[in-house]
K.L.:
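Got a structure for you, questions after.
The structure presented is a predicted model; accordingly, all values stated were derived computationally and were not measured. Just the heavy atoms: all of them, side chains too, but no hydrogens, waters or symmetry mates, feed the values below. Residue indices begin at 1 and follow the sequence shown.
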Amino acid sequence: MKQYILLPVVSAISLVLTACGGSSSEQSSNSSNQTTDNSVTVPVQTQTISLQAYSYQCRMESPYQADVVFHDKDGGSLGSAKTDSQGIYSNTVPAGTMHISVLGDVIDYDLEEYTLIISELDIQGRKNLGKFYFENYAEDCGCEAYELDKFELGNIGNDYSLQTSYGTTLTDTIEVCPADTKVYFKAVAHNGLDVKAAVLDIPKDSFTVKLKESDFSHQGVEVLPDNSQHHSYSSTRGYIPAEHQYQYAFSTGAYGYDPLYIFPSVTEHNFYVRSLSESSYVDNVDIDFSSYARNSVNNDGSYTVTELPAIKEELATSLLQFANSSNLEYDFSNADSRFGLLQWSFSFLVDDAQESRFDWIIHSGIRGQIPDLSFGDVFPEPQDEIILEELGLFLYGYAGNATDKATYTQLLETISAGGHLTKPEFSNYVYLNILAKLD
C-alpha cells in the first residue's frame with residue numbers, strides 16, 4: 001500500500017516544513033547513536049507472540065475477534081489468523097515474519113464506521129504485543145444520575161467549593177457510569193488556601209450519594225508550577241493503578257497563577273505535566289503541533305522537571321529527508337535525544353459511491369523504513385481513488401532510558417504487561433505530535 005502514502009506524504013511534509021520555519025541541508029553523520037532500525041535480518045528461529053484485541057466503548061473493553069496479518073521483511077503477506085473469542089492470539093508466527101498488522105472495524109464519535117489497521121514494524125525480540133483497541137462508540141453508555149445529599153457537610157459546605165475530581169462544580173446530582181468503581185470529590189476553600197478530597201463507594205441500594213464533612217479526610221499538598229520554559233498549560237494528576245486512570249486533576253495557564261495540588265493519601269503515584277500547543281495555516285492546510293512532558297511528583301510536592309521537546313530545525317531536516325526518499329526511509333533521531341519510538345497515523349478517504357474510509361496506524365522505531373505492507377484477502381487494496389485526509393507524526397520516549405532497540409523492546413514488553421505508570425523508568429514521558437489536516 002506504499003502508493004497510497006508516498007505522494008500525499010511528500011506534499012504534506014513540505015507543508016509541515018514551511019510551518020516549522022525552514023530546513024537544513026546538513027545530514028546527521030552520527031551513525032554510532034542510531035536508534036531502533038527496521039532494517040534487520042529476518043529471524044530464523046521460531047517466534048511466539050501474544051496479543052489481545054478489544055472493542056472499546058464507555059471506558060470498558062470487550063474481547064474482539066480481529067484479523068491478524070503476518071508480513072515478511074518487505075511487507076508481503078505471509079498469511080493471517082484471527083483472535084479467539086476472548087480477543088487473544090497466542091501462537092507461533094509464520095517463518096520469516098518481521099511485521100504484524102491487526103485489523104478491525106470501528107464506530108467513531110460521529111457514528112462513522114470504517115476499518116482500522118494497526119501495524120507493528122519489526123517485532124523481532126517481542127513476545128507480548130499488548131492490547132489493540134477498536135472503538136465502538138455508543139451514544140448511551142448506561143450512566144445514571146445519583147442525587148447528592150449535602151446536609152451533613154458542615155464547614156465544608158459553607159467554606160469550600162465542592163467539585164468533581166476534574167474540577168467541575170458540583171450541582172445536586174452526579175453522573176455514575178458502569179465503568180466507575182468509586183466516586184471522587186474535592187473541596188477547594190473559598191480563600192484558596194486549602195484543598196481536601198473525598199473518595200466514596202458507589203451506593204448499591206440507592207441512587208443517593210451522601211456527603212459528610214468527615215469524608216473529606218485527604219489533605220491536598222501544593223505543587224508549585226515551573227515557569228522556566230514556555231508552555232501553554234501545566235497540570236497535576238494522580239494515577240490509580242486498580243482503575244488504570246487519572247484522578248484529581250488541577251491545571252493552570254502558562255504563567256501558573258492557579259495553585260496545583262496532589263493527594264498522596266489517595267493516589268500513590270502523582271505526576272506534573274506541561275504542554276505547548278501551536279497551530280499554523282499553510283496553503284489551505286491546518287497543521288497542529290503539540291509538545292508534552294511528564295514527570296513524577298514526590299509526596300511533599302517536590303519534583304524534577306522534565307523539559308518539553310522543541311520543534312526545531314533538525315526535525316525539519318529529518319522530515320525533508322523522508323519526503324525526498326522514494327522508499328519511505330526516515331530518521332528522526334535528531335528530533336530529541338529522548339525519543340525512542342514513532343507512531344504514524346493516516347486517514348484515507350476512498351472516493352467511491354459510498355465515500356468509505358480507512359485509518360492506518362503504524363508503530364515503529366525512531367528510524368527505519370515503512371515497508372510496502374499488503375494484507376491479502378483480509379483487506380484488498382481499494383481500486384478507487386484514495387485521498388489522504390490527515391497525516392500524523394507522533395514521536396515519543398521515556399527520558400532517562402537509552403534509545404536503542406534492545407532497551408525499547410524491553411520497555412514495550414513492560415508496557416504490554418500493564419501497570420507501567422507505577423514504574424520509575426516510565427515517569428519522564430515526552431512526546432512531540434504533528435498533525436496535518438489535508439482536507
Side-chain angles (χ1 to χ4, degrees), residues 1 4-23 56 106 108-110 112 114-121 133-135 137 230-233 235 273-294 308-323 325 328 330-336 338-350 357-368 370 386-397 429-439:
M1 302 231 308
Y4 300 141
I5 299 176
L6 188 57
L7 292 178
V9 167
V10 171
S11 174
I13 294 299
S14 298
L15 295 172
V16 172
L17 289 176
T18 304
C20 286
S23 63
Y56 189 79
V106 304
D108 65 13
Y109 184 82
D110 296 321
E112 185 175 2
Y114 55 90
T115 297
L116 173 63
I117 306 169
I118 307 174
S119 298
E120 296 279 343
L121 301 188
Y133 289 105
F134 298 90
E135 182 182 14
Y137 180 76
H230 176 62
H231 56 269
S232 302
Y233 82 93
S235 174
V273 305
R274 293 181 302 156
S275 180
L276 175 64
S277 299
E278 297 179 358
S279 297
S280 296
Y281 188 71
V282 182
D283 291 343
N284 299 318
V285 175
D286 289 312
I287 302 177
D288 297 329
F289 305 89
S290 59
S291 175
Y292 178 97
R294 180 185 73 204
L308 282 166
I311 298 175
K312 53 188 180 180
E313 191 169 314
E314 289 85 350
L315 176 58
T317 301
S318 295
L319 292 171
L320 183 61
Q321 290 169 354
F322 175 80
S325 170
L328 296 183
Y330 57 90
D331 185 353
F332 297 101
S333 55
N334 62 351
D336 190 300
R338 299 168 296 178
F339 291 155
L341 295 172
L342 167 63
Q343 175 181 293
W344 301 88
S345 59
F346 305 92
S347 184
F348 295 100
L349 174 68
V350 181
R357 59 176 277 208
F358 65 95
D359 283 9
W360 193 2
I361 295 173
I362 302 176
H363 296 124
S364 70
I366 203 71
R367 67 181 301 270
I370 298 179
I386 304 296
I387 301 171
L388 177 60
E389 294 189 302
E390 288 188 353
L391 163 68
L393 295 172
F394 185 83
L395 301 116
Y396 65 104
Y429 174 53
V430 291
Y431 73 67
L432 184 63
N433 188 54
I434 304 173
L435 178 63
K437 301 174 182 178
L438 307 175
D439 188 17

K.L.:
Taking all non-hydrogen atoms of both residues into account, name the closest pair between Gly392 and Leu435 and its distance.
P.N.:
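Between these two residues, the closest heavy atoms are CA-CD1, 4.1 Å.
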K.L.:
Can you tell me how far apart CD1 (Ile362) and CG (Leu342) are? Round to the nearest 0.5 Å.
P.N.:
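Between Ile362 CD1 and Leu342 CG, I get 9.0 Å after rounding to 0.5 Å.
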K.L.:
Please confirm whether the backbone N or O of Arg338 pairs with a side-chain atom of Asp336, one donor and one acceptor, at under 3.5 Å?
P.N.:
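Judged by distance alone, yes, a pair lies under 3.5 Å.
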K.L.:
Of all heavy-atom pairs between Leu432 and Ala310, which one has the smallest distance, and what is that distance?
P.N.:
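Heavy atoms only, the tightest pair is CD2-O, 4.1 Å.
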K.L.:
Return the set of residues passing side chain to side chain donor-acceptor pair (under 3.5 Å) with His363 (not counting sequence neighbours), or none when no residue passes.
P.N.:
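Partners of His363 by the side chain to side chain donor-acceptor pair (under 3.5 Å) criterion, ordered by chain and then number, come out as Glu120, Gln343.
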K.L.:
Could you work out, with side-chain contact (heavy atoms from CB on, under 4.5 Å) as the rule, every residue matching Ser290, not counting sequence neighbours?
P.N.:
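For Ser290 the side-chain contact (heavy atoms from CB on, under 4.5 Å) partners, ignoring immediate neighbours, are Ser277, Tyr431, Asn433.
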K.L.:
State the CZ-OH distance between Phe348 and Tyr114, to the nearest 0.5 angstrom.
P.N.:
13.5 Å
K.L.:
Going from CH2 on Trp344 to CG on Leu391, what distance comes out if it is rounded to the nearest 0.5 angstrom?
P.N.:
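CG of Leu391 is found 7.0 Å from CH2 of Trp344.
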K.L.:
What residues, two or more places apart in sequence or in another chain, satisfy side chain to side chain donor-acceptor pair (under 3.5 Å) together with Tyr133?
P.N.:
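With sequence neighbours excluded, Tyr133 shows a side chain to side chain donor-acceptor pair (under 3.5 Å) to Glu61, given in chain and number order.
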K.L.:
Nearest 0.5 angstrom please: Trp360 CH2 to Ile370 CD1, how far?
P.N.:
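Between atom CH2 of Trp360 and atom CD1 of Ile370 there are 7.5 Å.
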K.L.:
Does Ile434 reach the side chain of Asp288, with side-chain heavy atoms less than 4.5 Å apart?
P.N.:
no
K.L.:
To the closest 0.5 Å, what do you measure between OH (Tyr292) and CG (Leu308)?
P.N.:
10.5 Å
K.L.:
Who pairs with Ser232 by side chain to side chain donor-acceptor pair (under 3.5 Å), at least two apart in sequence or on another chain?
P.N.:
none
K.L.:
How are the rings of Tyr109 and Tyr137 set relative to one another: parallel (under 30°), tilted (30 to 60°) or perpendicular (over 60°)?
P.N.:
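Correct class here is tilted.
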K.L.:
Output all residues satisfying side chain to side chain donor-acceptor pair (under 3.5 Å) with Ser275, sequence neighbours left out; order by chain, then residue number.
P.N.:
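Applying side chain to side chain donor-acceptor pair (under 3.5 Å) to Ser275 gives none.
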K.L.:
Would you give the length of the straight line joining atom CD of Glu278 to atom OG of Ser291, rounded to the nearest 0.5 angstrom?
P.N.:
9.0 Å
K.L.:
Shortest non-hydrogen contact from Asp108 to Arg357?
P.N.:
OD2-NH1, 3.5 Å
K.L.:
Got a sec, which residues hit ring pair (Phe, Tyr, Trp, His ring centres under 6.0 Å) with Tyr233, two or more places apart in sequence or on another chain?
P.N.:
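Result, ring pair (Phe, Tyr, Trp, His ring centres under 6.0 Å) vs Tyr233: none returned.
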